[in-house]
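Everything on this sheet refers to the single structure shown next.
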Protein chains: 2
Amino acid sequence: MASIHDVARVAGVSISTVSYALSGKRSIADSTRLRITNAVEQLGYRPNAGARMLAGTRTNIFALTAPFHAETYAPAHMAFVLAVAQAARAHDYDVLLLTQDEATSGLRRVASSRLVDGIIVLDVAAEDDRVGVIRELGTPAVFIGIPRDTEGLVCVDLDFEAAAALAISRLTDAGHRSIGLIGHSPGVYARGSNFPPRFRDGFFSAAAAEGVATAFAMPERDGPSVRAALDELYRTLPGMTALVLHCEETVQAAVMDILRERGLRVPQDLSVISACASFETDHFEPALDTIPLVAADSCTRAVELAIEQVAGPIAPRVELVPPRYLERGSIAPPAPLR
Amino acid sequence: MASIHDVARVAGVSISTVSYALSGKRSIADSTRLRITNAVEQLGYRPNAGARMLAGTRTNIFALTAPFHAETYAPAHMAFVLAVAQAARAHDYDVLLLTQDEATSGLRRVASSRLVDGIIVLDVAAEDDRVGVIRELGTPAVFIGIPRDTEGLVCVDLDFEAAAALAISRLTDAGHRSIGLIGHSPGVYARGSNFPPRFRDGFFSAAAAEGVATAFAMPERDGPSVRAALDELYRTLPGMTALVLHCEETVQAAVMDILRERGLRVPQDLSVISACASFETDHFEPALDTIPLVAADSCTRAVELAIEQVAGPIAPRVELVPPRYLERGSIAPPAPLR
DNA sequence: TGCAACTATCGAAGCGTTTCGATTGCGTTT
DNA sequence: AAACGCAATCGAAACGCTTCGATAGTTGCA
């Protein structure tokens, strides 16, 4: 395997010249640079990663800690993992995957062995063990998600409160005054993943501000309870004219099936918005207005912030990504009283 | 950050003694070893990863190339990624995640910069670009899945042919002579992921060997075509008494719903086996006999083989993991003619 | 003409390990 | 008593890069 010495020899220069030519950190004559790049090409030279880490100040690797448990929704999880990896590669960073059973010890290990320059934290719980470790390590880190105590941390996430408020405002603009919300399964709220409660709370407070009547149900992941959840909403809120879905793909599909089965047309009989889903919603029949949860948005920003931190300390912050709204025609004014 | 020099100073020995004490590669007096481990503890010393890579012969990192595309079924994909990461950690290896848009160039990059000791290849297509690159690089690599040309490669996978044969033999043992198969969507077969055809072919040849009548249908991922697929099976094979499912969770769920809706009882009216699914099938009503696709089985073995290759070349091979069978009571003798 | 200010290049000192030969001191064997 | 073998330890040479501080050679300007 060719080393920088070989390149220097072939190009007829010293190794420091090669290093500077490749890094661009000092000016090098065009003719020399050309000889060097030719030599690199010819030898198939690639700088040795270990040597670089040792001599340089950075490793060009980020750790990604992405716990996976029973309640995790695989497609969304996957989307975030991939988005982080892609964003990192765009800045010449690689991603090292930490496993959940090594969550805190793995962080310590990779940080104190200087294997990584920083840490990206996914699927953040309100009370998250990783927060304490990261504070203590002082390693550059970005949380995608927001723990309860954000003191000293850099966090990025979709603005779920604003997303909920956006859903409410679109519906009230259309004239709705009775709006239901179908959320995730109770386990998701119980376990402490932080965005479902944030959406729910944003929903309730925006509704309260508008003086809108609300109802909320949390179906289990599997079949029959979706039906029960819908029944519960109609029981609590008999005049419900609009529905916000903040739940998994299978549940949303089930809801649409049940509505169809009951002869309820969207949007004539019921307006529906799909909120903060990380999957495509345009295959539903009819297609639904959507406030998408775009993994790439948060992850790209997270990687940028991580890179800034590698360069030097930055101010702690919580950055909320504003929600977008995609119209697909699933909202109409409420039907006149039947 | 404490270095090996600090440890040596505190313990009152030379750095080589520290290194040998920690690696165990030469004998060290118990008293000395104790002083060293105390110093390590006290200073919170962790060997620097970069220095280790440079001086030693290995990096203790594997690259994981796991392409993700439209046809990918996220939960299964995730299960394999996690299983690889866990198996690697059990051998003190970390996992570097390569993205699909850098599939071949990423392999070249991490291998020739000596960032990784080896490569684990997931979701192998029959004709897979990564095969050529890996042959050319000569880096230790293990394929989880089997490309068409396995010349010189080390591959591990569930024995899908044997799994199909096992399903057939369980059903023929119970007296079935007309067996249907519901497979993945046509796109999966077209794109070249290699296990669906292997299962299908194993199914047909085992059935032929037993003189059993068969039918095969490939529903699209979404709703209505599952119904169509079942209709197709009953049309092609009016006397069908048993069904093998080799498809995604949502499709299996849909099949069970449709059977229930049509008043077909499992197993009295139809025997059903779920084959090579990486999800839990015991929540179906009724629970289904299952030939599970256990990610950990293949991934553990793959990591072992990768580690053997890091130590020195091993013979190329295709290792097939034998299928298991979980009885749950979804098989009965065929119903007498109705 | 002389000197300052550049530009382009080089040499050498690290970075923190691993590992290969010593070297030392003891107990055993002849 | 000389010779040997072994266990425990040390010193120093890599490993391949980055980067700091020279050094020559050029140019510009007083």
Side-chain angles (χ1 to χ4, degrees), chain A residues 1-37 39-40 43-61 92 109-117 310-311, chain B residues 1-37 39-40 43-61 92 109-117 310-311:
Chain A
M1 197 130 301
S3 82
I4 197 172
H5 287 96
D6 303 317
V7 176
R9 188 164 25 73
V10 170
V13 296
S14 72
I15 62 163
S16 55
T17 303
V18 174
S19 180
Y20 284 123
L22 296 181
S23 71
K25 291 189 180 171
R26 281 194 186 178
S27 56
I28 297 289
D30 285 350
S31 59
T32 310
R33 189 198 316 285
L34 191 64
R35 290 210 313 284
I36 290 174
T37 52
V40 165
L43 295 168
Y45 166 73
R46 298 283 183 111
N48 177 293
R52 255 193 152 156
M53 290 189 198
L54 181 56
T57 65
R58 57 195 55 168
T59 68
N60 278 277
I61 300 178
D92 201 29
R109 185 172 57 79
V110 297
S112 59
S113 68
R114 295 243 106 95
L115 177 52
V116 305
D117 292 338
V310 173
Chain B
M1 199 133 299
S3 82
I4 197 172
H5 287 95
D6 303 316
V7 176
R9 187 165 26 74
V10 170
V13 296
S14 72
I15 62 163
S16 56
T17 303
V18 174
S19 180
Y20 285 122
L22 296 180
S23 71
K25 291 190 180 170
R26 281 194 186 176
S27 55
I28 298 288
D30 286 348
S31 59
T32 310
R33 190 199 315 286
L34 191 64
R35 288 208 316 282
I36 291 174
T37 52
V40 165
L43 295 168
Y45 166 73
R46 299 283 181 112
N48 177 292
R52 251 189 158 161
M53 291 188 196
L54 181 56
T57 66
R58 57 196 53 169
T59 67
N60 278 280
I61 300 178
D92 202 29
R109 184 171 59 77
V110 297
S112 59
S113 67
R114 295 241 105 95
L115 178 52
V116 305
D117 292 339
V310 172

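Quick note on labels: first sequence line is chain A, next is B, and so on, each numbered from 1. Every value quoted in this text rests on a predicted model; they were computed, and no experiment measured them.
Around the CZ atom of B:Arg109, the shell of radius 6.0 Å holds more than 12 heavy atoms that belong to other residues, nucleotides or ligands.
Nearest-nucleotide mapping onto DNA chain D: of B:Thr17 and B:Ala55, the residue sitting toward the 5' end is B:Thr17. Mapping B:Gly12 and B:Leu54 onto DNA chain D via the closest heavy atom, the residue that lands nearer the 5' end is B:Gly12. Toward the 5′ end of DNA chain C lies the nearest nucleotide of B:Ala51, the other residue of the pair B:Ala51 and B:Tyr20 mapping further downstream.
Rounding to whole angstrom units, CZ of residue B:Arg9 and C1' of C:dG16 are separated by 14 Å. The interatomic distance linking A:Arg35 (CZ) with C:dC10 (P) rounds to 8 Å, in whole Å. Rounded to a whole Å, the CD1 atom of A:Ile15 is 9 Å from the P atom of D:dT18. Going from atom CE of B:Met1 over to atom P of C:dT17 covers 11 Å, rounded to whole Å. In this entry the distance linking NE2 of A:His5 with P of C:dC10 reads 13 Å, nearest Å. Whole-Å rounding puts the B:Leu22 CG to C:dG16 C1' distance at 13 Å. For the pair B:Arg58 CZ and C:dT19 C1', the interatomic distance rounds to 14 Å; values are reported in whole Å. As rounded to whole Å, 13 Å separates atom C1' of C:dC15 from atom CG of A:Asn48.
Heavy-atom distances under 4.0 Å link DNA chain C to B:Lys25, B:Arg26 of residues 25-33 of chain B, given in residue order.
Note on B:Arg52: a side-chain N or O is less than 4.0 Å away from OP1 or OP2 of C:dT18. Residue B:Tyr45 places at least one side-chain N or O under 4.0 Å from the OP1 or OP2 atom of C:dT17. Phosphate proximity of D:dT18 to A:Ser19: present, with a side-chain N or O under 4.0 Å from OP1 or OP2.
B:Thr17 and B:Ser14 share a donor-acceptor pair across their side chains, judged by distance under 3.5 Å alone.
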Run B:Asp6 and B:Tyr45 through side-chain contact (heavy atoms from CB on, under 4.5 Å) and show every step you take. CA-CA 9 Å; B:Asp6 303 316; B:Tyr45 166 73; over 6 Å; no
In sequence, state the C-alpha distance, the side-chain angles, and the governing distance for B:Leu43 and B:Met1, and then conclude on side-chain contact (heavy atoms from CB on, under 4.5 Å). CA-CA 9 Å; B:Leu43 295 168; B:Met1 199 133 299; over 6 Å; no
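Contact annotation for B:Ser3: backbone-only contact, meaning every heavy-atom pair under 4.0 Å involves sugar-phosphate atoms and none involves a base.
A:Arg58 places no side-chain N or O within donor-acceptor distance of the main-chain N or O of A:Asp117, the cut-off being under 3.5 Å. Without hydrogens or angle criteria, A:Ser112 side chain to B:Arg46 main chain gives no donor-acceptor distance under 3.5 Å.
No N or O donor and acceptor, one from the side chain of A:Ser14 and one from the base of C:dG11, sit under 3.5 Å apart.
Comparing atom distances between the B:Ile4 side chain and each of D:dC10, C:dT17, C:dG14 picks out C:dT17 as nearest.
Here the closest heavy-atom approach between residue A:Arg33 and residue A:Ala21 is recorded as NH1-O, 3.8 Å.
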